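Presented below is the structure to which this report refers.
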Amino acid sequence: MSALVPRSDFSLLSTNPNLVYLDSAATAQKPRAVLDAMNDFYETDYANPHRGAYALSARATERYASARGAVARFFGVGDEACVIFTRGTTDSLNMVASAWGRANLGAGDEVIVTGAEHHANFVPWQQIAIERGAQFTICPLAADGRADVEALATLVSGRTKVIAFNHVSNVLGAINPVSEIVAIARAVGALTVCDGAQAAPHMFVAFDALGVDFYAASAHKMLGPMGTGVLIGRREVLDAMPPYQTGGDMIAFVGDERTTWNVLPHRLEAGTPNVAGAVGLAAACDYLTAIGMDAVAAHERALVRLAYERVSALDDVRVHGPSGSERSGVLSFTVGDIHPHDLATLLDERGICIRAGHHCAQPLMRRLGVAATARASFYIYNDENDVDQLAEALESAKRVFAVA
Ligand code: PLP
């Protein structure tokens with residue numbers, strides 16, 4: 001199985017031909033098309049958008065607006081103003097927890113998250129629940145790491161105001177049943193907040209059809225630049241949400257005593273925006289669309305299935321999460337008593353990049369009964385040879401540490 005895109009599209013990969021990059025769940029490499037688009041903005045249309053009355057500023061404004069349009073199309077959002085540019089998934093989720101949470105949560109209300117959340121979709125909800133005197137409830141997981149929807153259905157009540165959950169787990173690759181969770185939330189009038197950081201890069205996400213109220217993603221995990229992301233929301237909930245930050249661009253009128261707010265999306269984007277970031281994200285969306293998200297998903301599933309078979313066949317290896325065919329392109333495992341950090345260091349000596357640690361998911365680590373895991377993650381530039389190299393390196397690591 002060859003890679004889905006030529007390695008030559010990615011400068012870093014083509015100048016390091018022996019590098020086996022298996023850490024795309026942490027951040028993806030950048031195709032030249034993304035870097036060129038960002039450079040082009042700086043070289044041809046760079047100015048501060050929105051406020052300028054001159055042509056160059058108007059062109060910068062236009063680049064920003066058309067980036068929003070491209071991102072909206074990629075995420076299946078009909079109303080472009082519902083795409084809010086942020087600094088990334090963490091920023092997006094903090095915006096909802098702070099701005100929506102502070103306005104809508106009170107004593108006796110309940111916030112539910114799953115036990116498999118990244119800290120970015122766990123800690124902000126835990127903290128706002130503490131601040132507002134609301135109950136913070138953790139939904140148990142099914143054996144495969146997805147939210148246990150039967151348990152969730154019994155947990156919710158009229159007091160449940162919001163259910164926050166990942167679309168795809170960054171540790172297990174488990175894909176949550178979004179429509180079932182949305183149905184359970186709607187039955188009690190609760191909002192849904194979906195962390196799409198590990199889904200948006202890897203599968204077609206049609207926000208308008210998904211049914212969730214909020215969806216968050218990071219550009220850097222989907223071939224775009226670091227420091228940019230999106231919060232997508234349904235028009236009614238965004239319109240009702242107070243501003244997250246105040247300052248330039250997000251106001252309509254500033255009086256000495258009171259201020260009125262601009263319309264969406266500006267009301268939720270205070271200050272000079274990251275135009276180059278938005279342009280880069282839009283170029284990444286176009287690059288992925290040209291490949292086709294179904295092809296992206298199929299390629300990764302095939303690779304991860306192969307990796308699952310090869311790695312789980314090794315003695316003393318424990319692979320966490322669902323079976324090979326049911327997961328997105330993430331494989332977390334532990335090898336005997338070898339500390340995942342030692343494993344990652346040993347693999348690095350062979351030019352293989354994997355991640356090791358708690359993956360910003362300490363509550364999940366506790367549920368798995370481990371302190372840390374090693375994680376290999378796959379993307380469009382990986383091929384079967386990468387899987388072979390991973391499996392061989394693990395065999396060799398076991399020999400070095402004399403396991404089994
Ligand atoms: N949510 C999930 C599932 C993630 O995997 C990550 C990053 O690894 C985040 C949230 C946070 O993303 P960022 O650091 O880009 O804000």
Side-chain angles (χ1 to χ4, degrees), residues 21-30 34 71 75 84-98 113-127 138-139 141 145-147 163-176 178 181 192-203 205 212 214-232 244 274 277-278 280-281 284 300 304 320-322 327-332 344 353-365 367-368 372-379:
Y21 188 73
L22 297 179
D23 197 20
S24 296
T27 198
Q29 296 299 332
K30 313 302 162 208
V34 166
V71 175
F75 280 94
I84 312 300
F85 283 118
T86 64
R87 288 192 300 120
T89 305
T90 304
D91 194 33
S92 302
L93 295 169
N94 271 280
M95 184 188 297
V96 182
S98 295
V113 302
T114 86
E117 296 314 306
H118 186 284
H119 296 162
N121 201 27
F122 191 98
V123 185
W125 293 112
Q126 180 193 55
Q127 294 305 304
I138 303 174
C139 172
L141 303 175
R146 305 193 313 163
I163 302 177
F165 63 99
N166 63 76
H167 195 168
V168 173
S169 158
N170 65 314
V171 176
L172 305 171
I175 304 164
N176 264 322
V178 177
I181 296 173
T192 42
V193 181
C194 189
D195 172 354
Q198 297 294 344
H202 308 290
M203 61 178 72
V205 173
V212 297
F214 290 107
Y215 198 87
S218 292
H220 71 95
K221 293 185 196 286
M222 46 188 293
L223 309 175
M226 285 180 168
T228 299
V230 285
L231 174 68
I232 302 168
Y244 176 44
N274 181 356
L281 173 56
E300 290 171 17
V304 82
H320 302 277
R327 64 170 72 219
S328 176
V330 173
L331 196 73
S332 271
C353 310
I354 63 163
R355 190 144 291 255
H358 55 59
H359 313 292
C360 298
Q362 288 180 3
L364 176 58
M365 294 294 118
R367 282 158 180 78
L368 295 175
T373 73
R375 182 187 73 184
S377 50
F378 301 90
Y379 209 8

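None of the values given here were measured: they were computed from a predicted structure. Throughout, residue positions are numbered sequentially from 1 according to the sequence presented. When a ligand or atom number is given, it counts from 1 through the structure's own listing order.
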Closest non-hydrogen atoms of Thr27 and Tyr21, given as atom of the first, atom of the second and distance, are O-OH, 2.6 Å

Checking a contact table here: which protein heavy atom is nearest atom 7 (C) of ligand 1, and how many Å away? Lys221 NZ, 2.7 Å

Please round to the nearest 0.5 Å and tell me the distance separating atom CD of Gln198 and atom OG of Ser328. 7.5 Å

Looking only at heavy atoms, is any part of His359 under 4.0 Å from ligand 1, and if so is it the side chain, the backbone, or both, or is it neither? neither

What atoms of ligand 1 come closer than 4.0 angstrom to any heavy atom of Thr90? 11 (C), 12 (O), 13 (P), 14 (O), 16 (O)

Which segment of Arg87 sits under 4.0 Å of ligand 1 when only heavy atoms are counted: neither

Take every heavy atom of Glu117, measure it against each atom of ligand 1, and state whether any distance is under 4.0 Å. no

Closest protein heavy atom (residue, atom, distance) for atom 5 (O) of ligand 1: Gln198 NE2, 2.6 Å

Plane angle bin for Tyr215 and His167 - parallel if under 30°, tilted between 30 and 60°, otherwise perpendicular: perpendicular

Suppose I only count heavy atoms of Ser218 and a 4.0 Å limit; which atoms of ligand 1 are within that range? 12 (O), 13 (P), 15 (O), 16 (O)

Out of all atoms in ligand 1, which are within 4.0 Å of some heavy atom of Asn170? Include the element for each. 3 (C), 5 (O)

among protein heavy atoms, the one nearest atom 4 (C) of ligand 1 is His118 CD2, 3.3 Å

Where do Asn176 and Asn166 come nearest, in terms of heavy atoms and distance? ND2-O, 2.7 Å

Report yes if some N/O of Asp91 lies less than 3.5 Å from some N/O of ligand 1; otherwise report no. no

Take a 6.0 Å sphere around CZ of Arg87 and say whether it holds more than 12 heavy atoms from other residues, nucleotides or ligands. no

If you measure from each heavy atom of Asn166 to ligand 1, is any distance below 4.0 Å? no

Where do Ser332 and His359 come nearest, in terms of heavy atoms and distance? OG-NE2, 4.4 Å

Quick one: does ligand 1 sit under 4.0 Å from the side chain of Asp195, the backbone, both or neither, non-hydrogen atoms only? side chain

Kindly indicate whether the side chain of Arg375, heavy atoms from C-beta on, has any atom under 4.5 Å from the side chain of Asn170. yes

Evaluate side chain to side chain contact (heavy atoms under 4.5 Å, CB included) for Glu300 paired with Val304, printing each intermediate quantity in order. CA-CA 6 Å; Glu300 290 171 17; Val304 82; 6.0 Å; no

